[in-house]
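One-based numbering along the sequence shown.
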Amino acid sequence: AMAYETILVDKRDKVALVTLNRPKALNALNTQLMKELVTALTALDTDDSIAAIVVTGSEKAFAAGADIKEMQGKSYADMYREDFFSEWEGLVRVRKPIIAAVAGYALGGGCELAMMCDFIIAGDNAKFGQPEITLGVIPGMGGSQRLTRFVGKSKAMDMCLTGRMMDAAEAERSGLVSRVVPAANLVDEAIKAAEKIASFSLPSVIMAKDVVNRAYETTLAEGLRLERRMFHSLFAFEDQKEGMAAFAEKRAANFKNR
Ligand code: CAA
């Protein structure tokens with residue numbers, strides 16, 4: 001296994017738990033952490049023993065944003081030449097589901113990282129925000145685009161312009177997170193959700209993720225057409241026969257991922 005310094009990777013039965021681990025900096029997302037996270041998630045994506053991934057932080061902070069101290073001294077030329085933040089796009093190429101389990105602060109890049117995952121389960125102490133405006137900048141890892149699609153223009157404007165935080169209840173009400181659970185149970189609940197996903201046929205899971213994501217990228221007519229074609233294509237897999245036979249025979253399905 002590869003040794004990481006800023007994250008922990010714990011492989012369980014079909015589910016991997018990836019923990020951001022820069023506690024002294026509230027998991028601020030520096031370049032090393034980004035590279036390690038993209039590398040780890042890319043490796044898990046092609047690891048046949050893993051079917052779903054949970055990304056979490058600590059109880060105090062999922063991540064308090066991009067590393068301000070790392071960015072502080074950079075020039076425009078540095079940022080442009082490095083195409084700063086572009087490597088995060090590696091996360092959205094992962095085909096297997098990634099659940100963000102968010103406790104505490106998910107600010108700036110932390111909120112943006114959570115939104116790059118497929119859905120967010122929040123602990124009841126979670127706080128989301130895009131405070132970049134307080135630093136004289138704006139979101140740079142997708143916040144202005146993804147947050148607006150998740151919660152609508154009015155709330156996204158409010159968050160990006162005032163820098164205020166949203167608590168877990170508001171985040172759930174607004175559609176930013178899918179569920180809120182007691183912070184003490186957060187990781188267990190997220191792993192349970194990942195295990196549930198991992199119990200299904202992986203081709204159908206990957207296609208479900210793919211078609212939902214297409215809803216953000218294409219027209220309704222094209223999305224519906226793609227969905228229908230993908231639905232048809234699942235009939236090429238033995239698992240469709242198994243899943244439907246199991247229903248008819250009133251027994252649990254035994255998926256083979258074939
Ligand atoms: N970058 C670098 N270091 C950070 C950090 C960040 N984003 N957030 C926290 N830290 C560090 C602090 O500097 C502090 O380090 P020292 O002990 O060496 O001083 C340590 O983590 C603990 O933080 P605090 O003492 O500030 O903890 P707190 O409990 O008093 O406050 C907080 C918590 C409200 C989250 C506060 O840390 C904070 O406001 N952090 C910055 C939030 C922010 O502005 N995020 C946006 C970053 S820019 C960005 O993300 C751009 C983008 O779009 C990708």
Side-chain angles (χ1 to χ4, degrees), residues 29 34 37-38 41 45 52-57 62-66 83-103 105-123 126-135 137-180 190 193-194 197 205-228 230:
L29 306 167
M34 171 189 68
L37 188 60
V38 172
L41 292 175
D45 202 25
I53 302 161
V54 173
V55 175
T56 197
F62 177 74
D83 199 7
F84 206 78
F85 291 148
S86 66
E87 279 180 66
W88 284 102
E89 293 295 324
L91 289 197
V92 296
R93 283 193 290 273
V94 173
R95 299 167 81 214
K96 289 172 186 165
I98 306 175
I99 302 172
V102 174
Y105 297 111
L107 302 178
C111 185
E112 293 167 304
L113 168 58
M115 291 190 290
M116 279 181 222
C117 298
D118 296 308
F119 62 97
I120 302 173
I121 301 180
K127 286 190 180 303
F128 298 87
Q130 299 289 161
E132 289 88 348
I133 200 82
T134 68
L135 302 168
V137 292
I138 62 171
M141 281 168 51
S144 67
Q145 304 303 298
R146 289 197 180 92
L147 188 65
T148 305
R149 282 166 162 81
F150 284 27
V151 306
K153 177 183 169 185
S154 185
K155 271 191 193 286
M157 278 288 191
D158 180 354
M159 306 291 293
C160 292
L161 290 176
T162 69
R164 79 170 173 91
M165 294 184 206
M166 215 187 242
D167 65 16
E170 184 180 4
E172 185 181 32
R173 206 161 65 230
S174 311
L176 176 56
V177 312
S178 70
R179 337 176 182 174
V180 179
I197 294 166
V205 165
I206 290 175
M207 284 194 209
K209 167 169 171 165
D210 199 12
V211 290
V212 173
N213 278 333
R214 292 305 295 171
Y216 283 100
E217 307 279 356
T218 192
T219 62
L220 179 61
E222 279 308 310
L224 291 170
R225 186 180 148 83
L226 179 73
E227 181 198 70
R228 202 162 55 240
M230 286 206 168

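For the pair Cys111 and Gly129, the tightest heavy-atom approach, listed with the atom from each and the gap, is CB-O, 3.6 Å. Minimum heavy-atom separation, Thr148 to Ala156: OG1-CB, 3.4 Å. In this structure, Gly163 and Ile133 approach most closely via the heavy-atom pair N-CG2, 4.0 Å. Contact record, Leu147 with Gln130: CD2-CG, 3.9 Å, taken as the closest heavy-atom pair. The heavy-atom pair separating Ala100 from Phe62 by the smallest distance is CB-CZ, 4.3 Å. Between Ala194 and Val54, the shortest heavy-atom contact is CB-CG2, 3.8 Å.
Residues Val55 and Leu41 form a side-chain contact, since some pair of their non-hydrogen atoms from C-beta on lies under 4.5 Å apart. Annotation: side chain of Val102 is not in contact with side chain of Val177 (no heavy-atom distance under 4.5 Å). Looking at Glu132 and Val137, their side chains come closer than 4.5 Å, going by heavy atoms from C-beta outward. Using a 4.5 Å heavy-atom cutoff, the side chains of Phe128 and Ile120 are in contact. Using a 4.5 Å heavy-atom cutoff, the side chains of Val38 and Leu91 are in contact.
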Let me see the working for Met141 and Met116 under side-chain contact (heavy atoms from CB on, under 4.5 Å), right down to the final yes or no. CA-CA 9 Å; Met141 281 168 51; Met116 279 181 222; 3.7 Å; yes
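Judged purely by atom type and a 3.5 angstrom limit, Glu112 uses its side chain to pair as donor or acceptor with the backbone of Gly142. Listed for the Ser174 side chain is no donor-acceptor partner under 3.5 Å among the backbone atoms of Val151.
The stretch residues 143-158 participates, sequence neighbours left out, in these salt bridge (Lys or Arg N to Asp or Glu O under 4.0 Å) pairs: Lys155-Glu170, Asp158-Arg164.
Within the model, atoms CD1 of Ile98 and CG of Asp45 stand 7.5 Å from one another, a figure rounded to the nearest 0.5 Å. Note that CD of Glu172 is 10.5 Å distant from CG of Asp167, once rounded to the nearest 0.5 Å. The CE atom of Met166 sits 8.5 Å away from the CZ atom of Arg173 when rounded to the nearest 0.5 Å. Atom CD of residue Glu227 and atom CE of residue Met207 lie 12.0 Å apart, to the nearest 0.5 angstrom. With rounding to the nearest 0.5 angstrom, the CZ atom of Phe119 is 4.0 Å from the CD1 atom of Ile197. One distance of note links CD1 of Ile121 with OG of Ser178; it measures 5.0 Å at 0.5 Å rounding.
Within 6.0 Å of the CD1 atom in Ile138, the count of heavy atoms belonging to other residues, nucleotides or ligands does not exceed 12.
For Leu107, the side-chain contact (heavy atoms from CB on, under 4.5 Å) partners two or more places apart in sequence, or in a different chain, are Tyr105, Pro131, Met165.
Among the candidates Asn213, Ile206, Val212, Val205, the single residue satisfying the side-chain contact (heavy atoms from CB on, under 4.5 Å) test with Lys209 is Asn213.
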